[in-house]
Amino acid sequence: MQTHNAKRVEITIEAIMQRRLTQALLDAEVTGFTVLPVLGGSGRSGEWSRSGQVSRATGMVQVICIIRPERLNTLLDAAFKVVNSHIGVVSVTDCQVLRAERF
Amino acid sequence: MQTHNAKRVEITIEAIMQRRLTQALLDAEVTGFTVLPVLGGSGRSGEWSRSGQVSRATGMVQVICIIRPERLNTLLDAAFKVVNSHIGVVSVTDCQVLRAERF
Amino acid sequence: MQTHNAKRVEITIEAIMQRRLTQALLDAEVTGFTVLPVLGGSGRSGEWSRSGQVSRATGMVQVICIIRPERLNTLLDAAFKVVNSHIGVVSVTDCQVLRAERF
Amino acid sequence: MSDIFSLAAQNLSSPIILSFALGALAALARSDLTIPEAAAKAMSIYLLFAIGFKGGVSVVDHGVDANLALALLTGALLSATLPLIAFGLLQIMTGLSRVDAAAVAAHYGSISIVTFVAASSVLEGSGIASEGYMVAVAAVMEAPAILSALWLVSSGGASGRMDKDLWREILLNGSIVLLIGAFVIGWISGQDGLRDIQSFIVSPFKGVLCLFLLDMGLVAGRGLRSAGANLRPGVLAFGALMPLVGCTFGLAAAWFLGLSLGGTVLLMVLSASASYIAVPAAMRVALPEANPSIYLTLSLGITFPFNLTLGIPLYLALAQAVIGP
Amino acid sequence: MSDIFSLAAQNLSSPIILSFALGALAALARSDLTIPEAAAKAMSIYLLFAIGFKGGVSVVDHGVDANLALALLTGALLSATLPLIAFGLLQIMTGLSRVDAAAVAAHYGSISIVTFVAASSVLEGSGIASEGYMVAVAAVMEAPAILSALWLVSSGGASGRMDKDLWREILLNGSIVLLIGAFVIGWISGQDGLRDIQSFIVSPFKGVLCLFLLDMGLVAGRGLRSAGANLRPGVLAFGALMPLVGCTFGLAAAWFLGLSLGGTVLLMVLSASASYIAVPAAMRVALPEANPSIYLTLSLGITFPFNLTLGIPLYLALAQAVIGP
Amino acid sequence: MSDIFSLAAQNLSSPIILSFALGALAALARSDLTIPEAAAKAMSIYLLFAIGFKGGVSVVDHGVDANLALALLTGALLSATLPLIAFGLLQIMTGLSRVDAAAVAAHYGSISIVTFVAASSVLEGSGIASEGYMVAVAAVMEAPAILSALWLVSSGGASGRMDKDLWREILLNGSIVLLIGAFVIGWISGQDGLRDIQSFIVSPFKGVLCLFLLDMGLVAGRGLRSAGANLRPGVLAFGALMPLVGCTFGLAAAWFLGLSLGGTVLLMVLSASASYIAVPAAMRVALPEANPSIYLTLSLGITFPFNLTLGIPLYLALAQAVIGP
Ligand SMILES: Nc1ncnc2c1ncn2[C@@H]1O[C@H](COP(=O)(O)O)[C@@H](O)[C@H]1O
Ligand SMILES: Nc1ncnc2c1ncn2[C@@H]1O[C@H](COP(=O)(O)O)[C@@H](O)[C@H]1O
Ligand SMILES: Nc1ncnc2c1ncn2[C@@H]1O[C@H](COP(=O)(O)O)[C@@H](O)[C@H]1O
Ligand code: NA
Ligand code: NA
Ligand code: NA
């Protein structure tokens, strides 16, 4: 089956910043992404878990973006502006996609 | 620690198609997969979010399949038949696994 | 944008073992991870789905750990001790991260 | 005539309608107010269980009308016929493709159980009785419309993807099973059963309906905000016209069946309402090319609020004029 | 004797049992009806809180029986002993491995709080009082069975993985903490407290129980569908025989303690029922080699419905025969 | 004086407070007891809807006091002023950085609606009436404190990130919209509306509050366990001192407005309480450098339980002493 090179970017970010991140992506014409819920985690700012929350103040989500390799930098620039001052993690993996015309 | 080459296939698909996809995988003797919930996303058919839904008509899930490299094409063929006429995204990444006898 | 090599480890494990796994990671000084909920899956011990559960006995979670390549073995050793006697899957992918000082 | 207006005014100032309006306004203003999906689903399960159970108990009380079987058959026929009319109207009024028009038509043949619940609640508030078995008629009307829509598509040359699994999914979808199941439970356990769980399924019913409609308002408002602008005027007009067409058929059928005033209103409401749960799911599987934002926005953003606010009092007034009080 | 049948018939036509049946049928027919996990968990929290609270209040009213401590001790002993008997029966009746048999046995020494709740609700419906502290006995019976099972495994050469964390998880698991906590709250706040929250924890109780059992039916049905076929006849028979053995021990213990008719029935129910929450979780940690589909299917798919439908009326009839009304 | 103690004792033995204590203890003991997030959110929606609705209905009954506008204005001023005082105290009592101190201060100018609900419930239990529009005052007091805090930061040279989106998020956050919306619905639909949904929003209210506080206890306990040890004594002392300062300002303002005894207590409670929903979210966006574990632990782990257990009876006694019964 015919596949094509692409990049898979995974951004773990505070839930309250989700809207700002996806808006920055859309503004950079990155229109394809998927948002996953996150149950908990641990990082430099300590451990947290969804069951310890009363408010949307401290939850996180994961935004996954599959993108053509040549558009990666545009995406990272847009994302970086939003995550920069916030806790969160950005990783990039090489991948192959079916139906490349979709990306 | 001893690891082995494998492929990680990630299929984002409408929730109503989940059963049909996993059945197609099982029929192709792909018996290992994990299903993740999806909160929302954006693609060619626009943005959507789980909080904007009354019914199971428009939600999505992510099916993750780790598989021996030589079985990748069987899997992609089976998955493609199901996702072809539907919205959704398929990506493949190289990975390493522990306990290869499990795959 | 400047990126750095890292490893992305994805561990799918029974929910009741989550605490024991993350404790083992913390003990091995792996302090960064993210926990995702899992809806269902299939493996050698059969199919299961979250909607078929009354108790926390049979659910699963996915723990994702992004780590410097040189620390991978420490992590895998720690994780292996916990998952060894339990059902579950461990996979490792090469990735690139922004803000390497965080890892 | 003044009656219609006073009834409509009274309806519009009820907590139920106001809760829906609050949800819609909050969504249009982009507030972050949301009802958790699990809570909304739990409330819909509660409402289906309660309405089914009460229907079953009332069948015990009043006996099964000889007309039960006839009413079920009529309901199925209405559900199968209305899509053809809706399709015709859509061809005239809008430029929708054949597949999109068929998908929309399926929704209008099928029913919205929440509209049915809201109407029951208005009838109850006005002390108007109705046939308990109307909930069974509601259940029967869910599916036939889907068949008509697929036939419309295939008679146009294309074809929907109808498989065995989809059949089971449609006929055994959660809402139908719960509604019919609770109906049977109410029937078997009767007044004794009702006494046991009365303070759960009767007293708090309207309050739960308020919160559920708050959520429906949020969802409808969000749908309108994101997709509303893309809907052409002809399509929007269809969303308000079709309920009037549907209710006329419902009225005629009720008259033919000799239903009581309450039963007549409920059959009108069923005919006038459009599905937004079972049918959208079926369409995604069987007609994936049809654009979901058209049918979901129409059904949930236009027809549902129309029926909830103006429709129900109007149908009641019409039924009173034709059947007498 | 005819009494048993009429009681059983009455029990079988109650909305509670019918809701369970509806869930089981829906799951077996592969309907997509589901209760959201969060809603099911919320209902179980409600039921535990309500039953614990009412138990605590009734202890204030009737005073603490001198037997309280003795009852707790007896409960713990029953929970520790029953697994040995269950294990013996499993060795005779089935070909299960030592580890699987021990894991199953642990479930039968421990208890199912929902069966307890359903039995309380039947007693209440028949106007039969019971000792309020039985909820404390229920809490005490959750854990000892796990120890016995681990001892059975280790005395066979192998060994379970019992660590400090697992101890805390078992003894402070959510159900026990909530049950005992609500019991203490009811005890402290007494009738005044009950008056405050009566219309929340008393009136809607049975209705919530219906929806909760609907969910239990769905889960049990799904379990039976996927794993039922793999269970050998001997294993299945054990699932219906063991409750009868358990209830006899419960009856003897109740007689020894001099419990009231209601308390006797409840102790029989506790002894006859099998855990499907606390013990499965503990077994996954301590005995991961044991096959969960065996113990979950037996406990939830066979023993739970058996107790719910036939067991409770039977135990009540037995207790009446032995203790008198 | 003995009155305060008996009121405090009575308050401490109410199921509401005991449920909070149970949650806190369970979390500190690391029990796995949890309330699903969706259930907790659903309960908070229920509580906001009920309290808003009842406030609106009571405004219809008693007419809008000429003071309504003045009360809203006073509330806004209190909310804007209290952060300045809190900031001053923090500078004196603690070594917190300017940004951390400003973030904490914002929480104490804003309000905790659950504390307000608990106080209403105590007043109701003691038969003390209050102005229905106090819920509108509560809504108005949510946001101004955030502005003061951002001003404090920027006047120190640094600057918060305040954008148009954040404005909308603060002013249209779910709690405010629901509280005000339900208030308006209650106002429009009046006693008729209340009769319709009374057995949903009035009768089970206290019971739902118990389970909600159980969850708050769990969350507060978990927060204390993980972050409590890192809080310096000065910071902890602030968490108990600031409510006393706040309530004094509230008392003065209530006296100036000529509020009834009940209204006075509620304004004291609003001033004494600290936000743990709207403000933390705003701070994460506007002042991401501020450490959330400081402000969340203080607000939820110290001030909330302080107000719930000792604060409310104390403010009531103070108000009675100053205003008379
Ligand atoms: N190395 C990592 N691997 C995976 N997730 C991480 C890692 N570091 C941080 N995270 C996630 O990002 C959140 C915030 O991290 P931090 O900014 O380091 O406190 C954590 O709660 C985790 O969910
Ligand atoms: N480039 C992408 N990266 C990640 N997820 C995507 C991408 N494109 C689409 N998706 C997901 O697939 C769904 C349907 O996409 P589409 O068929 O393009 O409308 C979206 O709602 C997203 O959840
Ligand atoms: N090949 C695989 N790919 C992805 N997930 C898997 C795979 N095998 C197992 N899993 C996950 O791990 C769980 C337990 O697997 P097992 O131990 O094989 O029964 C399954 O329910 C799946 O969620
Ligand atoms: Na219709
Ligand atoms: Na037992
Ligand atoms: Na305040």
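Contacts of D:A39 with chain E are absent, with no heavy-atom separation under 4.5 Å from either backbone or side chain. E:L209 does not touch chain D: none of its heavy atoms, backbone or side chain, sits under 4.5 Å away. In this structure, the portions of D:I185 lying under 4.5 Å from any heavy atom of chain E include both its backbone and its side chain.
Your options are E:S121, E:A38, E:G125, E:A29, and the one with the most heavy-atom pairs under 4.5 Å with chain D is E:A29. For chain E, the option among D:K41, D:R168, D:Q198 with the highest count of heavy-atom pairs below 4.5 Å is D:R168. Ranked by heavy-atom pairs shorter than 4.5 Å toward chain D, the options E:L33, E:L25, E:I16 are led by E:L33. In terms of heavy-atom pairs under 4.5 Å with chain E, the best-connected choice from D:S189, D:A42, D:G181 is D:S189. Across D:L171, D:L178, D:I201, the residue that shares the most heavy-atom pairs under 4.5 angstrom with chain E is D:L178.
Looking at E:K206 and D:S199, their side chains never bring a donor and an acceptor atom within 3.5 Å of each other.
Atom CZ of residue D:F49 and atom CG of residue E:L211 lie 5.5 Å apart, to the nearest 0.5 angstrom. Distance check: E:S19 OG to D:F53 CZ gives 7.5 Å after rounding to the nearest 0.5 Å.
Counting only heavy atoms from C-beta outward, the side chains of D:F200 and E:C210 never approach each other to under 4.5 Å. Proximity of E:D32 to D:L172: side-chain heavy atoms (C-beta onward) are nowhere separated by under 4.5 Å. Between E:L18 and D:V184 the shortest side-chain heavy-atom distance does not fall below 4.5 Å.
Between E:P15 and D:I197, the shortest heavy-atom distance links the atoms CB-CD1, 4.4 Å. Of all the heavy atoms in D:N173 and E:S31, the pair that sits closest is C-OG, 4.2 Å. Listed here is the closest heavy atom pair of E:P36 and D:I45: CD-CD1, 4.0 Å.
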